[in-house]
Structure formats: C-alpha cells, structure tokens
Amino acid sequence: MADFYTGAKEYFPGIKKIKYEGSQSRNPLAFKYYDADKVIGGKKMKDHLRFAIAYWHSFCGDGGDPFGPGTHVFPWGANNPIEAAENKMDGAFEFFTKIGAGYYAFHDRDIAPEGSTPAESEKNLFTLVAKAKKLQAETGVKLLWGTANVFSNPRFMNGAATNPEFGVVALAATQVKAAIDATIELGGEGYTFWGGREGYMSLLNTNLKKEKDNLARFLTMARDYARKQGFKGVFYIEPKPMEPTKHQYDFDTETVIGFLRQYGLDKDFRMNIEANHAELAGHDFVHELETAAAAGFFGSVDANRGDNMNGWDTDQFPMSYYETAMAMYTILKIGGFKEGGLNFDSKIRRNSIDPADLFIAHIGGMDAFAVGLQIAQRIIDDGVIPGFVKDRYASFESGDGAKFSKGELTLEQLAKIGADAGYGKTGLTSGKQEYLENVLNGYLLGL
C-alpha cells in the first residue's frame, strides 16, 4: 500500500515519499536534517515545526512576472473549471503526503474558481471544501489556516474593508464570511487576514481615519461572526509595509499591535509573521518575532526569505541556517507554537520548471528549519547565551533594581539612588557582542 495519496492520476510520477537519509546523502529528493520523529527538547521535530504548504504558490503560481507570462505548466488542467480545481486538489494532497507536511493553508480562490455571482462563487468553494474534507480524513493532513483573497480581483483595486465604495466592502464581506465558514468546516486552526490592498497610494484622495475605522469594524464583525459559528481558533494579521500599496495599515508588528489595542481586538488576534515582509519593513525576521513574543502577540509564521539586493517581495524558500536558528530560538523561548506553524509562503523561481523542483525547494526549507531547531535547542541546553543575557540584567533582580522593576520607586527616589551612587564605572560593562556571535557560529558549525 502506498504511503502517500494519489487520486485517479498520479501528478508527480516517479517521486515517492520523501525520506530522511541524513547529512551525508547526496539524494536531492531526501531530507538531510529533517527527521520528523527525532525528539528535540522532549518533542518530535514534526510537532515543533508544524510545517504547512501554501496552496497559492505551490499549485497556483505559474512563474509569471511583470515582464512575461507563466513558465510553469501544471498537469491538472481540464475544460471544466471545477474539474480542474478537483484535479489540482488531488495533486496538492499528493504533494502534501509525499513531502510529509502535516498542514496546508489556502485562500478561497486558490482551491475554487470564482463564479459569475457571489452565490455561484460560494457554491464552487463548498464543492471543493467537501472534497478537501474527504481528503483530510483520508490522509490526516490538517488545515493550518484559511483566508479570503480580497485583493486580486480588480474590484478590490482600492482595498476591501478599506474601500471608499460601500458596495465593495459588502462584497468583501460575502467572501470573508464564506471563507470563515470553509475554514470552520475543514477544522482550520486559524484564520488569517492579509491587508494586501488595505492601505493607500496617495493621501490626496484618502480619508485615513475612516479607512482604519472601517477596517477595524470589518475585523470586529468577522470575529463576532466566526465566534458565533463556534470557531475557537486564532485570528491572524500578517504585517507588510507596502507593495502593492504605497503604505499598508498593517505596516509591521508594532503597528498592528497598536491598531489591535486601539480598537479592542487584542484578545482574539495574533501575528502571522513573514520573513520577507519583515525585511521590507526594514527589520530582521527575528526582530518581528521577538517583538510579537514580547507583547504576547506571537501566533504563526510564513516561512520564506527575500533578496537583500531586491526591494520587493521575492518569496524565496528559507535557506539561511543562521536565520532559522534565531527564529527557532525565539519560538522555543516562549514554549513553541500553540496553534500556528511554519507555512511555506515561498515559490520556486520562474526558471525552475521541473516537477521535482517543487519538492527540492520544500526539502531545503524544511531542512533549514530542522537545523535551526536543533541549534536553538542547543543554545538553550548549553545555557551560555541565555546565561549571559540573564547576568546582564541581574541588577534588576535584587535591591533597588528589583524595586524599580516592581514599580515601587518614584522618580525622585530613583534619581536620588543615581545621585548617591555617582558616576563611577556605571554603564561601562561590555556587551560582548563579538564573543556571543562567535559562540553562535560554533553552534552553527556543530562545534
């Protein structure tokens, strides 16, 4: 019996279940570091990492760019759009099970074609939801989160929830409502909002306050509806500073946290942080993770990377062991994923046209996070870096420092402590950044 799913047709023939072969393997279709059942810090790798496959890039993206049409030819086409969507779903679940990912994520329009009316679109969606539910039961693959694509259709060129036309806002609601229903039906652990066009191109034609108020009102309505339908999962906001708009209202993690708190949405919403979006906002990936974690807003991750030489969202597969180690160190420090996971919001390059390339790209990304996980656990177990940080802030753990931390000092009392202590050598303790970087490099090299 095959250990992967195929429907009536095998869409990736010649590629079997991807196995772990170890670091010495030269097989491009094998994991070198990701050993799903290996226990790290008391938990299996697959449970730490919770890998998900992004339906949109892996099975919908055709390699097209502003300078030319698509180069990727998919084998699941059909004359009937619903039949083509069903074939694509068979191909998707074949891929999920062959690569060994436990989760996937999708937009509504990824899995089902848009109809000529909202009612037809919803009918199409739930035709495919019924098939997805069956395949989930057969394979054990789960839905990490669902979402609605309310940014691609030309009607959303001026935004969805922030659109200046009420009719467009209402149409966005029909789509989001259906996508929430689909997510609930499929047992999705979360629901994501990415404000692709929730922003502005020019303030000359924009009422910024009204748009942000309307966005908050829309999110509140969506939350209330989902809770009324019994959804107990997490709502995610995915920050991004710009592109396609000049400025998006979900600019970065700090901005979104402020927005959520301002509008009373902070109890239900968390961050879905994407590495490439962090770079576009002028931040490191780990900065966004640490910011969300420090504020109690960490949720899930869209795993990818950008290109430092390009100023746009390239959505490349994560390959830097340094970056994945830093990311997993932050995630492990707060106890790991609760509901979220590592969703590969990554796409193969325009000129990567072999069917195997999709597997090879995901293998590389999964291996990179497996390495990062093991390095992060070693940092924690070894205790050198955490111990240094703890010692660096030790003055806040006793005496007047502890009183300050507990809010037991007035400014006058704090100022007197400073005046009595005098200048001396206060503030002249080395941060030893280079030493810590050398320690980290030792972990990266396995020394």
Side-chain angles (χ1 to χ4, degrees), residues 17-54 99-103 273-276 278-279 284-290 293 298 300-308 315-337 340-346 348 357-386 436-447:
K17 176 86 172 182
I18 306 301
K19 305 289 187 180
Y20 167 74
E21 294 185 0
S23 61
Q24 301 306 308
S25 174
R26 293 296 178 266
N27 178 5
L29 290 172
F31 294 118
K32 316 303 184 296
Y33 303 103
Y34 177 58
D35 183 358
D37 292 321
K38 182 176 180 179
V39 176
I40 304 293
K43 190 159 57 172
K44 291 180 179 180
M45 271 194 181
K46 63 182 179 182
D47 297 325
H48 272 298
L49 299 171
R50 292 167 61 88
F51 288 128
I53 308 301
I99 200 74
Y103 298 88
I273 295 170
E274 179 178 312
N276 202 169
E279 294 167 19
D284 294 330
F285 179 30
V286 69
H287 166 86
E288 288 289 88
L289 294 172
E290 284 280 344
F298 175 75
S300 196
V301 169
D302 267 12
N304 60 18
R305 79 180 197 273
D307 187 321
N308 291 334
D315 284 335
Q316 294 169 249
F317 277 83
M319 293 294 167
S320 166
Y321 295 165
Y322 168 81
E323 192 166 69
T324 59
M326 294 297 291
M328 290 310 302
Y329 180 45
T330 295
I331 293 168
L332 289 185
K333 284 190 296 182
I334 58 172
F337 288 107
L342 292 166
N343 175 54
F344 285 109
D345 189 0
S346 311
I348 53 177
D357 290 333
L358 186 62
F359 285 87
I360 292 168
H362 280 88
I363 289 167
M366 293 165 82
D367 271 343
F369 270 97
V371 171
L373 169 64
Q374 293 178 87
I375 293 169
Q377 189 63 53
R378 186 175 177 189
I379 293 171
I380 291 170
D381 292 343
D382 200 29
V384 172
I385 293 175
L436 296 171
E437 289 172 341
N438 290 345
V439 171
L440 178 58
N441 279 343
Y443 296 137
L444 289 168
L445 292 170
L447 302 178

Any non-hydrogen side-chain atom of Glu323 less than 4.5 Å from a side-chain atom of Asp284?
no
What's the spacing between Leu342 CG and Met366 CE if we round to 0.5 Å?
10.0 Å
For residues Leu440 and Tyr329, determine if any side-chain heavy atom of one lies less than 4.5 Å from a side-chain heavy atom of the other.
no
Can a donor-acceptor pair be found, under 3.5 Å and without considering hydrogens, that links the side chain of Asp367 to the backbone of Lys32?
yes
Minimum heavy-atom distance between Phe285 and Ala327, given as atom pair plus value
CE2-CB, 3.6 Å
Considering all heavy atoms of both residues, which atom of Pro318 and which atom of Ser346 are nearest to each other, and what is their separation?
CD-OG, 3.8 Å
Shortest non-hydrogen separation from Arg378 to Gly446 and the atoms involved
NH1-C, 3.4 Å
Between Ala278 and Glu288, what is the shortest heavy-atom contact and its length?
CB-CG, 3.5 Å
To the nearest 0.5 Å, how far apart are CG in Asn276 and CG in Asp345?
8.5 Å
Using atom types as modelled and distance alone, determine if a side-chain donor or acceptor of Arg305 lies under 3.5 Å from a backbone N or O of Ala275.
no
With a 4.5 Å limit on heavy-atom distance, are the side chains of Ile99 and Phe51 in contact?
no
What's the spacing between Ile18 CD1 and Asn27 CG if we round to 0.5 Å?
7.5 Å
Looking at side-chain heavy atoms only, is the closest gap between Leu373 and Phe369 below 4.5 Å?
no
Donor-acceptor pair, side chain of Thr330 and main chain of Val286, under 3.5 angstrom:
no
Nearest 0.5 Å, what's the NZ-CG distance between Lys44 and Asp35?
10.5 Å
Roughly how far apart are Asp302 CG and Ile273 CD1, rounded to 0.5 Å?
10.0 Å
Is there a donor-acceptor contact under 3.5 Å from the side chain of Ser25 to the main chain of Gly22?
no
For Ile379 versus Pro386, what's the shortest heavy-atom pair and its separation?
O-CD, 3.5 Å
Take Asp315 and Glu274 through the test side-chain contact (heavy atoms from CB on, under 4.5 Å) and record every step on the way to the result.
CA-CA 9 Å; Asp315 284 335; Glu274 179 178 312; 3.1 Å; yes
Backbone of Gln24 reached by a side-chain donor or acceptor of Arg26 within 3.5 Å:
yes
Which heavy atom of Ile363 sits nearest a heavy atom of Pro28, and at what distance?
CD1-O, 3.5 Å
Test side-chain contact (heavy atoms from CB on, under 4.5 Å) applied to Gln316 and Ile348, Asp307, Asn304, the passing residue:
Asp307
Please check: side-chain N/O of Gln374 versus main-chain N/O of Ala370, any donor-acceptor pairing under 3.5 Å?
yes
Ring centres under 6.0 angstrom apart (Phe337, Phe298)
yes
Separation between CD1 (Ile385) and CG (Leu436), nearest 0.5 Å, reads 6.0 Å
Counting neighbours of OH on Tyr20 that are heavy atoms of other residues, nucleotides or ligands and sit closer than 6.0 Å, is the number greater than 12?
yes
Counting N and O atoms only, with roles assigned by atom type, does the side chain of Glu21 sit under 3.5 Å from a partner on the main chain of Ala30, one being a donor and the other an acceptor?
no
